[in-house]
Amino acid sequence: MTEAKLTTATSDATIRLTGGEAIAEILERADVGPMFGMGGFQLLPFYEAVRRKGLRHHLINDERCGAFAADAWARMSGRPGVCDATLGPGATNLVTALVESFNAGIPQVVFVGDTHRDHSWKNMTQETRQLDILRPAVKEVMRIERPSRVPEAVRRAFAVATSGRPGPVVVDVPEDVAHEVHDYSVADFWIDPATTRFPGYRSRPDAGDVEHAAAVIAAARRPLLLVGGGVHISQAYEALRAFAEAHAIPVAHTLSGKGAIACTHPLSAGLFGRYSRIANELIEASDCLIVVGCKLGEIATKRFQLFNGHAPVIHVEVLAEEIGRTTRTDHALVGDARLALEDLSAALYGEAVRACATRADYAAEIPARMRRWRDGAADRLLSSEVPINMGRMLHELNEAMPAESVLVADGGFAAHWGGLLYDTKAAGRRFVADRGFASIGYGLPGAMGAQLAVPDQPVVAITGDGGFNMTIGELETARRAGTPFTLMIVNNAASGYIKALQHAMYGAYQSSDLVEMNYARIAEDFGCQGIRVERPEELGPAIRAANEERRRPSVIDVVVTRDPARMLPGVDNRTLKVTKGDRPV
């Protein structure tokens with residue numbers, strides 16, 4: 001195999017490479033970021049090429065965590081994540097994390113090894129129907145049947161991963177394809193730079209649809225923007241802020257949409273859906289709902305109870321099949337979120353002065369309502385109780401974290417508490433939650449991926465003790481990778497969300513308790529900084545001390561309430577018996 005660097009060459013120039021080396025050549029042209037994986041014999045030529053080229057690759061301890069880390073890196077960098085796995089159990093371990101990326105619209109290019117084609121389905125070691133298992137978990141599965149088609153397949157994987165609503169693409173690499181030598185045309189080693197970021201190519205909504213939607217907005221006295229994760233995918237922050245400010249329209253967000261506009265902005269109405277500050281009441285009183293990049297799923301709609309048809313719905317969504325899927329839509333704008341908001345701004349340009357004057361009192365309600373909400377939540381935010389109230393923990397995070405910091409929230413109550421109480425101080429991906437699939441265990445690998453994307457910014461993750469138990473091995477990976485994030489473990493010696501729901505429904509518990517552990521001591525054994533916090537006044541100093549440690553990960557073991565009645569930020573509407581005419585709280 002050659003060490004030659006592929007640069008400009010004549011059109012008939014060739015280079016002899018294995019299929020695995022050819023994959024690395026294309027990835028190098030894509031300016032690939034850190035990769036995560038656990039190699040096997042099938043992909044060894046790829047690993048060797050990565051070593052020779054000096055590309056960044058991190059051995060992980062569980063393939064699911066590698067894909068979680070790649071997902072978080074993609075969210076923070078705006079570029080497709082890359083990970084790999086060996087055949088069989090390596091490939092199947094990816095499923096949960098790939099569904100997260102698929103549902104959340106996060107692009108990944110994932111290489112999985114497969115059996116030698118001459119011996120497939122002859123009881124090869126670890127062989128399974130892995131493509132059938134992976135296919136429904138991703139946008140597309142591509143099997144490379146000939147070494148000569150490696151460059152084409154990898155190019156297409158990036159193009160599919162970043163187009164439309166982005167998502168993960170699996171590239172299946174048979175053993176012989178990876179190991180076989182082929183004389184490649186040098187001219188075939190290229191990649192469209194637009195597909196190395198996302199969204200790769202943007203589409204505008206129909207101009208006539210924009211005009212109709214603009215007329216509805218112009219006539220509204222209490223319009224409300226409801227934004228989801230699509231604003232992050234589109235990086236539509238400036239377009240959203242400009243549109244909201246020019247027309248005095250408050251902005252509420254989903255768990256995935258937090259940070260679309262700074263939570264400290266006077267037009268920010270906070271979280272809506274299952275848990276809410278003031279947004280749900282604003283929805284009830286609105287005469288025009290503008291949904292941007294939000295699928296309007298169960299949590300955002302309080303299990304489909306929140307929208308009752310009293311106000312017209314304008315839905316901006318890049319994937320047409322989502323329109324009307326859960327909620328009646330009156331005006332559909334199918335296209336990129338940023339371009340749709342820019343087009344609405346242009347269509348309403350002449351209305352801005354009048355709109356701001358007409359809606360001045362409405363806009364002034366938002367900060368006043370938010371102050372009243374904060375006063376009502378003070379018992380949690382400022383609680384001095386021991387064990388620690390999670391509301392106080394989030395309050396201390398708000399106080400200690402600078403504007404450029406990032407909070408990663410694991411599935412379950414970490415995301416719900418964080419979504420409700422944490423305040424981003426600037427627009428952007430400042431709050432990362434795995435709400436595509438809401439899997440427990442994202443916190444640690446997600447923090448690692450996020451920190452690699454923004455090495456100079458403070459990254460803090462919240463996970464439960466249960467979530468940490470699932471992924472504890474990746475603390476070794478994070479230390480080896482030199483990622484100085486802070487992991488806050490909400491230590492309630494339980495599978496807290498399950499125990500809280502059991503309390504609400506039955507008042508009795510089954511298979512929801514964990515052994516009391518000192519996770520700070522465990523972190524120290526991993527060579528990380530460990531801090532145990534048992535009293536609320538210790539939280540602020542602990543967070544600051546962890547953020548100041550820039551050589552290794554820090555673990556803050558926060559001993560929180562063991563009372564299942566106090567584990568959730570509010571009443572979960574699923575625990576209520578809903579009969580005709582009832583409105584769950």
Next on the checklist: Could you walk me through whether Ile314 and Cys288 satisfy the side chain to side chain contact (heavy atoms under 4.5 Å, CB included) test, starting with their C-alpha distance in whole Å, then the side-chain angles of each, then the deciding distance to 0.1 Å, before giving a yes or no?
Outcome noted: CA-CA 8 Å; Ile314 298 165; Cys288 177; 3.9 Å; yes
Checklist entry - Arg544 and Glu399: salt bridge (charged side-chain N to carboxylate O under 4.0 Å, His left out), yes or no, with the steps? => result CA-CA 10 Å; Arg544 287 186 284 273; Glu399 293 293 306; over 6 Å; no
Next on the checklist: Using the rule given for side chain to side chain contact (heavy atoms under 4.5 Å, CB included), can you reason through Gln529 versus Thr486, listing the C-alpha separation, both sets of side-chain angles and the distance that settles it, and then say yes or no?
Outcome noted: CA-CA 9 Å; Gln529 177 177 213; Thr486 297; over 6 Å; no
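For the salt bridge (charged side-chain N to carboxylate O under 4.0 Å, His left out) condition, the pairs that include at least one residue of residues 231-241, sequence neighbours left out, are Glu238-Arg241, Arg241-Glu245.
Rounded to the nearest 0.5 angstrom, Ile498 CD1 and Gln510 CD are separated by 12.0 Å. Atom CZ of Arg429 sits about 9.0 Å away from atom CD of Gln235, to the nearest 0.5 Å. With rounding to the nearest 0.5 angstrom, the CG atom of Asn103 is 11.0 Å from the CG atom of Asp434. Atoms CD1 and CG, on Ile60 and Asp84 in that order, are 7.5 Å from each other to the nearest 0.5 Å. Note: Arg435 CZ to Ile299 CD1 = 4.0 Å, rounded to the nearest 0.5 Å. Separation of atoms CZ (Arg562) and CG (Asp513) is listed at 10.0 Å; rounding is to 0.5 Å.
In this structure, Glu385 does not pair ionically with Arg380, as no charged nitrogen and carboxylate oxygen lie closer than 4.0 Å. Taking a cutoff of 4.0 Å between a charged side-chain nitrogen and a carboxylate oxygen, Arg277 and Asp423 qualify as a salt bridge. Comment: Asp557 engages Arg532 in a salt bridge, judged by a side-chain N to carboxylate O separation of less than 4.0 angstrom. Glu404 has no carboxylate O lying under 4.0 Å from a charged side-chain N of Lys425, or vice versa, which leaves the two without a salt bridge. Contact check on Glu538 versus Arg535 returns no salt bridge, with no Lys/Arg side-chain nitrogen under 4.0 Å from an Asp/Glu carboxylate oxygen. Contact check on Arg303 versus Glu298 returns a salt bridge, with a Lys/Arg side-chain nitrogen under 4.0 Å from an Asp/Glu carboxylate oxygen.
Of the possible donor and acceptor atoms, none in the side chain of Trp73 sits under 3.5 Å from a partner among the backbone N and O of Met35. The backbone N or O of Ile106 sits nowhere less than 3.5 Å from a side-chain atom of Arg75 that would complete a donor-acceptor pair. Without hydrogens or angle criteria, His232 side chain to Met76 main chain gives no donor-acceptor distance under 3.5 Å. With Thr301 contributing its side chain and Gly297 its backbone, the two residues share a donor-acceptor pair below 3.5 Å. One N or O on the side chain of Thr483 and one on the backbone of Ala478 form a donor-acceptor pair closer than 3.5 Å.
No more than 12 heavy atoms of other residues, nucleotides or ligands sit less than 6.0 Å from atom CZ of Arg566. Shown here is Arg369, whose CZ atom has more than 12 heavy atoms of other residues, nucleotides or ligands within 6.0 Å. In the displayed structure, Arg521 atom CZ is contacted under 6.0 Å by at most 12 heavy atoms of other residues, nucleotides or ligands. In this structure, Arg480 places its CZ atom where more than 12 heavy-atom neighbours from other residues, nucleotides or ligands lie under 6.0 Å away.
Remark: the Thr477 side chain and the Glu474 side chain contain an N/O donor-acceptor pair separated by less than 3.5 Å. Side-chain polar atoms of Ser554 and Glu549 form no donor-acceptor pair below 3.5 angstrom. Inspection of the Ser101 and Asp71 side chains reveals an N or O donor paired with an N or O acceptor under 3.5 Å. Between the side chains of Tyr275 and Asn280, no donor-acceptor pair of N or O atoms lies under 3.5 Å. Side chains of Gln457 and Arg430: a donor on one and an acceptor on the other come within 3.5 Å. Under the 3.5 Å distance criterion, with hydrogens and angles disregarded, a donor-acceptor pair is assigned to the side chains of Ser512 and Gln502. A side-chain donor from one of Asn61 and Glu476 sits under 3.5 Å from a side-chain acceptor of the other.
Every residue two or more places apart in sequence or in another chain that forms a salt bridge (charged side-chain N to carboxylate O under 4.0 Å, His left out) with Arg392 is listed here: Glu396.
Side-chain atoms of Lys139 and Val170, non-hydrogen and from C-beta on, never get closer than 4.5 Å to each other. Contact of the Phe485 side chain with the Met448 side chain is registered, since non-hydrogen atoms from C-beta on lie closer than 4.5 Å. You'll find the side chain of Val559 stays beyond 4.5 Å of the side chain of Ile388, heavy atoms only.
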